[in-house]
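All remarks here apply to the structure that follows.
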Number of protein chains: 2
Amino acid sequence: MTARRGGGPTMHDVGKLAQVSAMTVSRVLKNDPGVSQATRERVFAAVDQLGYRRNETARSLRLGGSGMIGLVVTNLANPFYSRLALGVQEVATEYGFRVVLSNSAEQVEKEPGLVDGLIDHQVEGLIVVPAGSRQKHLADAMRHVPVVLAARPPAGLDTDCVLVEDFHGAREATASLLAEGHTRIAFLGNPPALYTGTERLRGFWAAHEEAGVEPDNTLIRQGLVDAATAEQAAAELLDRADGPTALFCTNNRISHGAIRALHKAGTTIPLAGFDDFELSDVLGLPLTLVSYDADEIGRQAARLLIDRLDQRDGQPPAARRVTVPTRVIRHGPPSAGPGAGPRPLA
Amino acid sequence: MTARRGGGPTMHDVGKLAQVSAMTVSRVLKNDPGVSQATRERVFAAVDQLGYRRNETARSLRLGGSGMIGLVVTNLANPFYSRLALGVQEVATEYGFRVVLSNSAEQVEKEPGLVDGLIDHQVEGLIVVPAGSRQKHLADAMRHVPVVLAARPPAGLDTDCVLVEDFHGAREATASLLAEGHTRIAFLGNPPALYTGTERLRGFWAAHEEAGVEPDNTLIRQGLVDAATAEQAAAELLDRADGPTALFCTNNRISHGAIRALHKAGTTIPLAGFDDFELSDVLGLPLTLVSYDADEIGRQAARLLIDRLDQRDGQPPAARRVTVPTRVIRHGPPSAGPGAGPRPLA
DNA sequence: CTGTTAGCGCCTTCAA
DNA sequence: TTGAAGGCGCTAACAG
């Protein structure tokens, strides 16, 4: 309640009460050894009595270095991002940094503003999952603080990033469908402007080539941005006489949409996709999911960033690229194979 | 890269380049009308050339008021909290505040430290979803800044909160099971130390009383903290000869655990619970879910807080209590009623 | 229209 | 072991 703007006791107030100078208070609070036990105690008592809290804003102004790192993601409601954020926080906390989180709420055009805002607030570094393909604002940001990218590679920037084995995972999951005899696999993908979009399509394609199967271009739908668009695309494909015998989805939201389409159509065909999700194992659907540790992406990104922060005075390290492994998980009933065609849902 | 601690150009640098004083730069950046167009342009040019960004830390030190509000939640990975966070951000941004997010990662004992840290960083107010039942640290916090509680009522504090219709929702969902003839409904609940725990149990109980059904105490399990503990509790109950014919779960994680237990047991009985979740409609289970808008909790909490911030100099408003409505959603096949007993899963 | 002075709360440096 | 001076970057309040 004391808190009208600028209220609150200062070190000076504490000092007055403890009958020492503000300087001594500062020393006590910093655990500086050169203070007598007696004054120490008086100071702590005064701190307690006043409910004094050190003003970190003033402190960082003086010291230079706010102890904060910024994290920019597009959509916290997507578990991928929230887990990533948790990973970042875990490592940041360990190294004494605070994380300031910004969320662009799916609006790509807001990202530059968020990045600028974080820099204005003196974050010492940034971890960004770029929402779009333009990274000019990140180049600008790098003039001020180190920037590490997560889940997307730099485009025209020279900096670190943490990536998922997008190509490998997509290839493996697709291969598993092909191995079951499927030759008409639909591809439901996010916009190709995104790295993950093209990379996962490449994996999909490579698996086909390796299996000697020609992908049917009419079964490839890109540019899906959420569960709703994915559901519609899936529904259209399923409705075709020469529809797919299996689906490949490039992320969790697209899988959700496709699953909903299958459900509404009252049929099921095997589905492979990126990102495991909660309850995937109880759906009773034949799922092949490419799973990876989103927390770990965040942890690694934080480590790369903090490492860069540690080396600020020296030669900045060359851009590094860290990869987080994927593994394929099978859920639900064994696939009936392509011959069986769409099964009615039990 | 320029960013060793304390680096970066200052207003003074900009001024020198534009041949004006730092004060004039300040005025230009603040859109102060009393500056000639010519100098304006020179200043902007200099800003551009230097890549200057105003130091918000110094600014807020001077102005008093950081423009930040703090949000403390236990687990961002839970969609309930991430949606709440989105709601807070939405309103905060609208009013020109930045949100600093802290996550206690399920460790109740970390919460006081997070709150203190946010205060040290000069947040102007706090929104907290208290993890435990002790709120002493929040009383301390209120000495410094206004605090608004979300999803839990204050205990021994005099401040605003935003609540869900816990009692009402639980009663309604339970009543719907009772109306189908179930008399042996298991209650799977979180720790009774939590408000939501007791409140939802009250609703469960009230529905029974109204239906003239005596709840079986041996079917009531409280203190479940995550999906795993819930799964185990559900499994034990389902294993009993005189087990329940329906389940009531007090939150999404407990529902997930229970659903997994049902799945592993290869049976299904109707399940009612708090929190709708993704794909709930596709599970093919008879679900009765109490749904509400978690974003809205965040939005309302932010509004209450900002309103308090606006009134800092005047008389602080009396503690307000806002309620977010619930509604009951039915998914999956119609309930077979209690007579049918556990059905084998399709 | 523009500049000077002073100080937000803290800490580094130097002196006692 | 403690204190005084000065300044981090910025901006109100007062000149001019």
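What's counted below: heavy atoms across the whole structure, side chains too, no hydrogens, waters or symmetry copies. Below, chains carry the letters A, B, ... as their sequence lines are ordered, and counting in each starts from 1.
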Distance, rounded to the nearest Å, where B:Arg59 contributes CZ and C:dG9 contributes C1': 18 Å
message: For C:dT2 and B:Thr39 - does any side-chain N or O of the residue sit under 4.0 Å from the phosphate oxygens OP1/OP2?
response: yes
- prompt: Side-chain N or O of A:Thr57 less than 4.0 angstrom from OP1 or OP2 on C:dC8?
  reply: no
message: Expressed as a whole number of angstroms, how long is the span from A:Gln37:CD to D:dT2:P?
response: 11 Å
task: Please state whether the phosphate of D:dT2, meaning OP1 or OP2, lies under 4.0 angstrom from any side-chain nitrogen or oxygen of A:Ser36.
output: yes
Nearest-angstrom distance from the residue atom CG of A:Leu61 to C1' of D:dC8: 4 Å
Distance-minimising heavy-atom pair for B:Ala58 and A:Leu61: CB-CD1, 3.7 Å
query: To the nearest Å, how far apart are B:His12 NE2 and D:dC10 C1'?
result: 13 Å
query: 5'-most contact on DNA chain C: B:Val20 or A:Thr10, nearest heavy atom basis?
result: B:Val20
field: d(NE2, B:His121; P, C:dG9) in whole Å
entry: 17 Å
- line: Test side-chain contact (heavy atoms from CB on, under 4.5 Å), reference A:Leu149, set A:Leu138, A:Leu304, A:Ile127, A:Leu126, output is A:Leu138
task: Give a yes or no on whether the backbone of A:Pro130 and the side-chain of A:Arg152 come within a donor-acceptor separation of less than 3.5 Å.
output: yes
task: Please report, rounded to the nearest Å, how far the P atom of D:dT2 is from the CE atom of A:Met11.
output: 15 Å
Provide a list of protein-nucleic acid N or O atom pairs under 3.5 angstrom, restricted to nucleotides 12-16 of chain C.
unit_1: C:dT12; atom_1: OP2; unit_2: A:Lys30; atom_2: NZ; d: 3.1

query: Any side-chain heavy atom of B:Phe97 sitting closer than 4.5 Å to one from B:Glu124?
result: yes
message: Does A:Gln37 form a side chain to side chain donor-acceptor pair (under 3.5 Å) with A:Glu41? I'd like the steps, not just the answer.
response: CA-CA 6 Å; A:Gln37 190 58 27; A:Glu41 281 163 15; 3.2 Å; yes
Residues touching DNA chain C, which here means a heavy atom under 4.0 Å, drawn from residues 47-55 of chain A: A:Tyr52, A:Arg54, A:Asn55
- request: Specify the separation, in whole Å, of atom CG of A:Asp120 and atom P of D:dC10.
  value: 10 Å
query: Would you say the side-chain atoms of B:Ser26 pair up with the backbone N or O of B:Ala22, donor to acceptor, closer than 3.5 Å?
result: no
query: Got a second to check how far A:Arg40's CZ is from A:Asp32's CG, nearest 0.5 Å?
result: 8.0 Å
task: Indicate whether OP1 or OP2 belonging to C:dC8 is found under 4.0 Å from a side-chain N or O atom of B:Ser60.
output: no
- prompt: Hey, are the side chains of A:Val322 and A:Asp160 touching, using non-hydrogen atoms and a 4.5 Å cut-off?
  reply: no
query: Taking only residues at least two apart or on different chains, which pairs with a member in residues 94-104 of chain B satisfy side-chain hydrogen bond (donor to acceptor under 3.5 Å, both in side chains)?
result: A:His121-B:Arg98
query: Nearest-Å distance, CD (A:Glu56) to P (C:dC8)?
result: 19 Å
